[in-house]
Protein chains: 2
Amino acid sequence: MDIFVRYLEKVRTFAPEKVEMFSKACEYGIRASIYIAEKSLLDKRVSLKEVAQAINSPEAYTSKILQQLSRSAIINSDKGPTGGFSMDKYMLNNVKLSMIVSAIDGDEIYKGCALGLEKCNEKMPCPLHDQFKSIREDLKRMLETTTVKSLSLNLEKGLTFLKR
Amino acid sequence: MDIFVRYLEKVRTFAPEKVEMFSKACEYGIRASIYIAEKSLLDKRVSLKEVAQAINSPEAYTSKILQQLSRSAIINSDKGPTGGFSMDKYMLNNVKLSMIVSAIDGDEIYKGCALGLEKCNEKMPCPLHDQFKSIREDLKRMLETTTVKSLSLNLEKGLTFLKR
DNA sequence: AAAATAATGGATATTTTTGTCCGCTATTTG
DNA sequence: CAAATAGCGGACAAAAATATCCATTATTTT
Ligand code: FES
Ligand code: FES
């Protein structure tokens, strides 16, 4: 079976280069939020440049994503010297990953059909519906129960990394 | 919280339109395989046109995907009159979804990091690694244990649908 | 008030993915 | 062997996602 997969590797001339669970924008958004949260725990604001360096993301693109998170009231942004991005106490204690994902990728991840049919639909399920449902629910539950704060605490302890 | 999400809906001016677990190519590939398998169970070959209609996909694009599956030896293709696509007995009984996904999307879905770091890595895990791992493993197990045949049998029974 | 700083918003560019077109090859039928 | 059929392969086109540029706005410091 591993041989089979290796064989496919060579033959795969067509199709996507990368396929990930979240969009790049969302990945940057989550990583940035965790970094901002970590610094906010120490009452520090961070500039766009700092964020982009910390999470190893393109600066200008990251700017767009932070704007989106700011508009969604998940993070604060302040202009001018001493300005930058931060997360206030309330958000620090309450923001779940699901909010960031919703703010950037929308709720397709929850409502979408595994096989791309127009919305997941119990009444006319696609062939993969049953098998997919529980996985999607696990993912949803995970995103809805995981706080950004808990992730930033692990980061601070040096247990996890935002870039390599 | 529901109000929060609805609020985001409006504010969401930036970012991806659709974010799905598999690429479109892979979705078409899986749906096509299930359809071809269903017909092959009745010893019928199907043309590209039939497949595209059955799964409601763009014909020319579907052609590319079927070529890929054919090169990967998952389905057979025959030229000329009476030609078309089919799945032989062996494949019919042995093809798992994971093989189709590997053939089209590659194995990024198994190896990739949830937050987009260069490959998932136990030694230097991203902040979401632990939470993500079990979900990814569930997904992997599901794909590796689900046969195309079983899905096509449910389809034949009218329990599931390839288009709406 | 002027200068410096940092985010913002809009336009634009690049890359990737998705989708199309069309002449070619192989196969079957008559 | 000619005609019809059906997939193949390469080039091309459109759409979406990702990424960049730069002038502007808001804020702070001097
Ligand atoms: S209908 Fe496809 S996942 Fe529910
Ligand atoms: S390192 Fe990110 S998922 Fe394993």
Side-chain angles (χ1 to χ4, degrees), chain A residues 11-29 31-32 36 39 44-53 55-72 74-87 104-106 108 116, chain B residues 11-29 31-32 36 39 44-53 55-72 74-87 104-106 108 116:
Chain A
V11 182
R12 211 162 65 85
T13 60
F14 163 81
E17 304 256 303
K18 20 181 162 167
V19 179
E20 280 160 4
M21 191 84 64
F22 307 115
S23 70
K24 222 86 189 88
C26 195
E27 291 173 354
Y28 294 150
R31 278 158 49 202
I36 293 168
K39 295 302 171 185
K44 283 183 188 157
R45 256 172 220 180
V46 287
S47 69
L48 170 61
K49 191 166 293 196
E50 268 182 274
V51 173
Q53 272 166 6
I55 71 174
N56 189 28
S57 65
E59 201 175 309
Y61 194 51
T62 305
S63 165
K64 300 298 185 195
I65 296 159
L66 292 182
Q67 278 174 52
Q68 179 63 27
L69 292 175
S70 166
R71 276 190 228 108
S72 303
I74 292 171
I75 62 175
N76 298 116
S77 79
D78 297 280
K79 290 182 174 178
T82 79
F85 298 93
S86 61
M87 209 177 258
I104 298 175
D105 279 353
E108 192 88 9
Chain B
V11 181
R12 213 162 63 86
T13 59
F14 162 82
E17 305 255 302
K18 22 181 160 163
V19 179
E20 280 160 4
M21 191 86 61
F22 307 115
S23 70
K24 222 87 188 91
C26 194
E27 290 173 355
Y28 294 149
R31 278 158 50 202
I36 293 168
K39 295 302 170 188
K44 283 183 187 157
R45 253 171 223 182
V46 286
S47 70
L48 169 63
K49 192 167 291 194
E50 268 180 273
V51 173
Q53 272 167 8
I55 71 173
N56 189 29
S57 65
E59 201 175 307
Y61 194 49
T62 305
S63 166
K64 300 296 184 193
I65 297 159
L66 293 182
Q67 278 174 50
Q68 179 63 28
L69 292 176
S70 167
R71 275 190 231 109
S72 304
I74 291 171
I75 62 175
N76 298 116
S77 80
D78 297 280
K79 291 181 175 179
T82 80
F85 298 92
S86 61
M87 209 177 259
I104 299 176
D105 278 354
E108 192 88 8

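Computed from a predicted structure; not experimentally measured. Every chain is numbered from 1, with letters handed out A, B, ... down the list of sequences.
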**Distance in angstrom units between Tyr61(B) OH and dG7(D) C1', rounded** = 18 Å
**Message:** Ser86(B): which residues meet the side-chain hydrogen bond (donor to acceptor under 3.5 Å, both in side chains) condition with it, sequence neighbours left out?
**Reply:** none
**Interatomic distance where NZ belongs to Lys24(A) and P belongs to dT20(D) [whole Å]** = 13 Å
**Side chain to side chain, Ile36(A) and Leu66(A), heavy atoms closer than 4.5 Å** = yes
**Asked** Whole Å only: how far is the CG atom of Leu66(A) from the P atom of dA19(D)?
**Response** 14 Å
**Reading 5' to 3' through nucleotides 22-30 of chain D, protein heavy-atom contacts under 4.0 Å coded B for base, S for sugar-phosphate only, - for none** = ---BBBBS-
**Prompt:** Looking at Gln67(B), does any N or O in its side chain come under 4.0 Å of the phosphate oxygens OP1/OP2 on dG7(D)?
**Reply:** no
**Item:** Residue Tyr28(A), side-chain heavy atoms: nucleotide from dT18(C), dA19(D), dA7(C) that is nearest
**Value:** dA19(D)
**Asked** Which one, dT8(C), dC8(D), dT20(C), comes nearest to the side chain of Phe85(B)?
**Response** dC8(D)
**Request:** Working to the nearest 0.5 Å, report the span between NZ of Lys24(B) and OG of Ser57(B).
**Result:** 10.0 Å
**Asked** Any side-chain heavy atom of Gln68(B) sitting closer than 4.5 Å to one from Lys64(B)?
**Response** no
**Request:** Of all the heavy-atom pairs spanning Val51(B) and Ala32(B), show the shortest one and how long it is.
**Result:** CG1-CB, 3.7 Å
**Earlier contact from the 5' end, DNA chain D, for Glu59(A) and Ser63(B)** = Ser63(B)
**Item:** Interatomic distance, Arg71(A) CZ vs dA7(C) C1' [rounded to whole Å]
**Value:** 12 Å
**Message:** Would you say Ser70(A) places a side-chain N or O within less than 4.0 Å of OP1 or OP2 belonging to dA7(C)?
**Reply:** no
**Request:** Answer with yes or no whether Lys64(A) presents, from its side chain, a donor or acceptor under 3.5 Å of a partner atom in the base of dG10(C).
**Result:** yes
**Request:** Identify, with sequence neighbours excluded, every residue that meets side chain to side chain contact (heavy atoms under 4.5 Å, CB included) alongside Glu59(B).
**Result:** Leu48(B), Lys49(B), Ala52(B)
**Asked** For Met87(A) and Ile74(A), what are the C-alpha separation, side-chain angles and deciding distance, and is it a side-chain contact (heavy atoms from CB on, under 4.5 Å)?
**Response** CA-CA 7 Å; Met87(A) 209 177 258; Ile74(A) 292 171; 4.3 Å; yes
**Asked** Expressed in angstrom and rounded to an integer, what is the separation of Ile65(A) atom CD1 from dT8(C) atom P?
**Response** 13 Å
**Asked** Under the side chain to side chain contact (heavy atoms under 4.5 Å, CB included) test, which residues partner Ser77(A), sequence neighbours left out?
**Response** Ser70(A), Phe85(A)
**Request:** Please tell me which of the listed nucleotides, dT18(D), dC8(D), dG19(C), lies nearest to the side chain of Ser23(A)?
**Result:** dT18(D)
**Prompt:** Which atom pair, heavy atoms only, marks the closest approach of Ile65(A) to Gly29(A)?
**Reply:** CG2-CA, 3.6 Å
**Prompt:** Which residues pass the side chain to side chain contact (heavy atoms under 4.5 Å, CB included) test with Lys44(A), sequence neighbours left out?
**Reply:** Lys39(A), Leu42(A)
**Item:** Interatomic distance where CG belongs to Leu48(B) and P belongs to dT27(C) [whole Å]
**Value:** 18 Å
**Prompt:** Expressed in angstrom and rounded to an integer, what is the separation of Asp105(B) atom CG from dT17(C) atom C1'?
**Reply:** 11 Å
**Message:** Using whole Å, what does the distance between atom P of nucleotide dC8(D) and atom NZ of Lys49(B) come to?
**Reply:** 16 Å
**Request:** Rounding to 10 degrees, work out the angle separating the end axes of the helix from dA1(C)-dT30(D) to dG30(C)-dC1(D) (five pairs an end).
**Result:** 10°
